[in-house]
Amino acid sequence: MNGLNPDQLDAVNTLSGPLLVLAGAGTGKTRVITYRIVKLIQTGTPRERILAVTFTNKAANEMRERLMPMIDVKQKTPQPHDKFKPKYAKNRFAEDDPQPTVSTFHSLCVKILRRQIDKLGYPLKFAIYNRGDQESLARTVLREINVNDKMMAPNQLLFHISNWKCKSLKPGDAIMQSESDAQHLAAIAYQRYQRQLKISGAVDFDDLLLLTEELFRTHEEVRSEEAARFDHLLIDEYQDTNTSQYRIVKALASQHRNLCVVGDDDQSIYGWRGAEVEHILSFNRDWPDAKVVRLEDNYRSTTSIISLANTLIKFNKTRHDKVLRAARPGGDVPALRQYDNETVEAQETVRSIQRRLEEKGREPRDFAILFRTNEQPRPFETELRKAKLPYVLVGGMSFFDRKEVKDLLAYFRLLDAEPDDISILRIINKPPRGIGKKSIEKLLDHSVKQKVPLWDMIAGDAERPKLTSAVDRGLNGLVESIGIVKAQMGGLSLVETARLLIDRTNYKAEIEKTYSEPEDRESHWAVVEQIVSALGEYERSTRKPTLSKFLDKLLLGDQSPDDDKEKQLKKNAIALMTMHSAKGLEFPEVYMVGLEEGILPHKRSLEDDDAGVPEERRLCYVGVTRAEELLTLSMSLSRMKWGKAKPTNLSRFVFEMFGKTDSPNYARRKRVQ
DNA sequence: AAGTTAGTTTTGTTT
DNA sequence: AAACTAACTT
């Protein structure tokens, strides 16, 4: 345990009872968590009785990577294939060697639900709907109740639904409590949305938490059984817990009370998806005997950067009082640059990076360009390309949002006994089989009216509505392909099954139809191959591999063919990302761009001044504290909107940071010329 | 000639 | 994603 300061040691050594670690940015939070787990093991806690929960898979992977070398893991006996690919052997431990569990909330819940599925009282098929699936379901639901896009867009509905879900509000309650017409409409749609999910045996991401929480509430024996699995519970990024997660934590920790939560209320930036800072602010109310440890020594950034961050965050009224102390003295004072328009902003930023690369001996990986919204990176990408500088756009489309991935996963689901409707509809005409909108409508209509599952009808187990012979032929073709695969899959490995499926359904034709350029075709086909190799990897590393478990894993992001981007980051490229996705990362040189009113703080957050602006301020704080040595802030004096250049105002946060005024309102009045 | 499907264009874009 | 338009099927 060398190299830890007294506060960190205190947090590591407080091994029993509730503990709140208030860890500011760059204070070695991750180290404290890992060391604490090591200490627990050293003092005799059985490994398998330790559970650490993170919010993202990335965080979980990182924690595992840090932990494994420190706790002496029995390696899995190398398999023949591992000899050729040693990277697969890394971090793979023997199955009879118990290890601490490091998991995200979502995969934790899936495990619990799988174990307790009989208590659930309804046939959950673990089809987990991701954003795209949710959207198409929302669209169908809205159409069913005759609501057009103008009245309520699918996204709006999903926003309402997720708001209700993170407060564990059931559709019935939502209808009762709705205050406006729009809310009432959304509540009715919510009811149908849930019903449809239930019929398909599907859940969305929120449901995973919600169902677990409900199961704990209604079945005490389930709660105590699951709680008894662990003696120690550690939660990272506690400021990001929503109500469901908060209750699950409470339910799991109430017996042993060995709960350690780590977080920073100043970095709570996910309020818009249900996180409540109150949970970390009032930790002492739930656990009155909780010990509180504050980590305030920042080892990441220079004094100039930290003092800027401290000045900014003081403008937030409700927070745990703590001040970051920089361990690295001095440093260049962050600069503020103003440019005429966003193109110049991008050009000059890239030029500045180029200069630093040449003059200061920096590497591309030392730089990050942080922005607020996803429309901002475009000009920067253009300029970086022109300058031939390597860059990675982090975030953006995740691997699972790629349509090839979704299509293939949908095809995989068709091999299940009762595939869900969304999956069927996704690939029913991919590649084109002559089944168009009208025929699909007829099928759906028939399925609802006759109460026949969609697949039974398509597969010919139930009567089909009258369709043209071309459509019938198309459907039969699909059923036949699936049938062939199903018949053979018993004797095949998962990879062989997948290959056969892709081959039989002629998925390649879909890619060739969509992309005419050979380059595009290749890159999109490569995605398909990636999935198959991920499947192979899963098959090799799991004792009883099944396709449906693989699908869960993929959806939950447990496995990551997604690490493509991370590899690139490691491979030495300039990082372009939103301030949201920058949380937890650090870079020697950070450029925060587009610091304008309406962007940061975002205009949507201004509608709700009480909660919105402080959260945007925290987001800005997160951005500032990413920088180790050099921070450059910039804004563009005009920005294109609807094809016209519109003047902009400097963000109020810049005024706050540089102490030009005490009043946050100053920025609103002052126009920068 | 009507009804469908396939392919193209327009529109609208937070986190 | 919706709205059009051209092409195809029966």
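The model shown is predicted, which means the values in this text are computed figures rather than measured ones. Residue numbers begin at 1 in each chain, while the letters A, B, ... track the order of the sequences.
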Which nucleotide in dT15(B), dT4(B), dT10(C) has an atom nearest any side-chain atom of F159(A): dT15(B)
Please tell me which of G436(A) and H602(A) maps to the more 5' nucleotide of DNA chain B, matching each residue to the nucleotide holding its nearest heavy atom. G436(A)
Can you identify which nucleotide, out of dT4(B), dT14(B), dT5(B), has its nearest atom closest to the R372(A) side chain? dT14(B)
Measure from CD on E441(A) to C1' on dT5(B) and round the result to the nearest Å. 14 Å
Those residues at least two apart in sequence (or on a different chain) that pass salt bridge (charged side-chain N to carboxylate O under 4.0 Å, His left out) with D445(A) are K449(A)
Do the side-chain N or O atoms of R433(A) get closer than 4.0 angstrom to the phosphate oxygens (OP1, OP2) of dT4(B)? no
Among the candidates dA6(B), dG7(B), dT14(B), find the nucleotide nearest to the side-chain atoms of K513(A). dG7(B)
Taking ring-ring contact (aromatic ring centres under 6.0 Å, His included) as the definition, give me every residue that meets it alongside H602(A), ordered by chain and number, with sequence neighbours left out. none
Partners meeting salt bridge (charged side-chain N to carboxylate O under 4.0 Å, His left out) with R426(A) (sequence neighbours left out): D407(A)
I440(A) CD1 to dA1(C) P, in whole Å, measures 14 Å
Can you give me the dot-bracket string for DNA chain B, 5' to 3', counting Watson-Crick and G-U wobble pairs with both distances under 3.5 Å, using [ ] for crossing pairs and | for partners on another strand? ||||||||||.....
D472(A) CG to dT10(C) C1', in whole Å, measures 13 Å
Rounded to whole Å, please give me the gap between CD in E616(A) and C1' in dT15(B). 8 Å
Applying salt bridge (charged side-chain N to carboxylate O under 4.0 Å, His left out), name anything that partners E616(A), two or more places apart in sequence or on another chain. R372(A)
Measure the distance from CD1 on I435(A) to C1' on dA6(B) and round it to the nearest whole Å. 14 Å
Please list, chain by chain and in numerical order, all residues satisfying side chain to side chain donor-acceptor pair (under 3.5 Å) with Q267(A), sequence neighbours excluded. D264(A), R626(A)
Do E237(A) and Y270(A) have side-chain heavy atoms sitting under 4.5 Å apart? no
May H580(A) be described as stacking on the base of dT15(B), applying a 5.5 Å centroid limit and a 30° limit on plane angle? no
Looking only at side-chain atoms of K442(A), point me to the closest of dC4(C), dT10(C), dT4(B). dT4(B)
Tell me whether the side-chain N/O atoms of T373(A) come closer than 4.0 Å to OP1 or OP2 in dT13(B). no
Rounding to an integer number of Å, can you tell me how far L619(A) CG sits from dT14(B) P? 16 Å
Would you kindly give the OH-to-C1' distance between Y270(A) and dT14(B), to the nearest whole Å? 13 Å
Phosphate contact (dT9(C) OP1 or OP2) by S469(A) side-chain N/O below 4.0 Å: no
What I'd like to find out is whether the side chain of L137(A) reaches to under 4.5 Å of the side chain of D204(A), using heavy atoms alone. no
Nearest to the side chain of T578(A), which nucleotide is it out of dT10(C), dT4(B), dT15(B)? dT15(B)
State, yes or no, whether a side-chain contact exists between V277(A) and R618(A) at a heavy-atom distance under 4.5 Å. yes
A470(A) side chain, from C-beta outward: closest of dT15(B), dT5(B), dT10(C): dT10(C)
Toward the 5' end of DNA chain B, by each residue's nearest nucleotide, T468(A) or E615(A): T468(A)
Rounded to whole angstroms, how far apart are CG on N163(A) and P on dT15(B)? 17 Å
Go through dT15(B), dT10(C), dT5(B) for me and flag the one nearest to the K438(A) side chain. dT5(B)
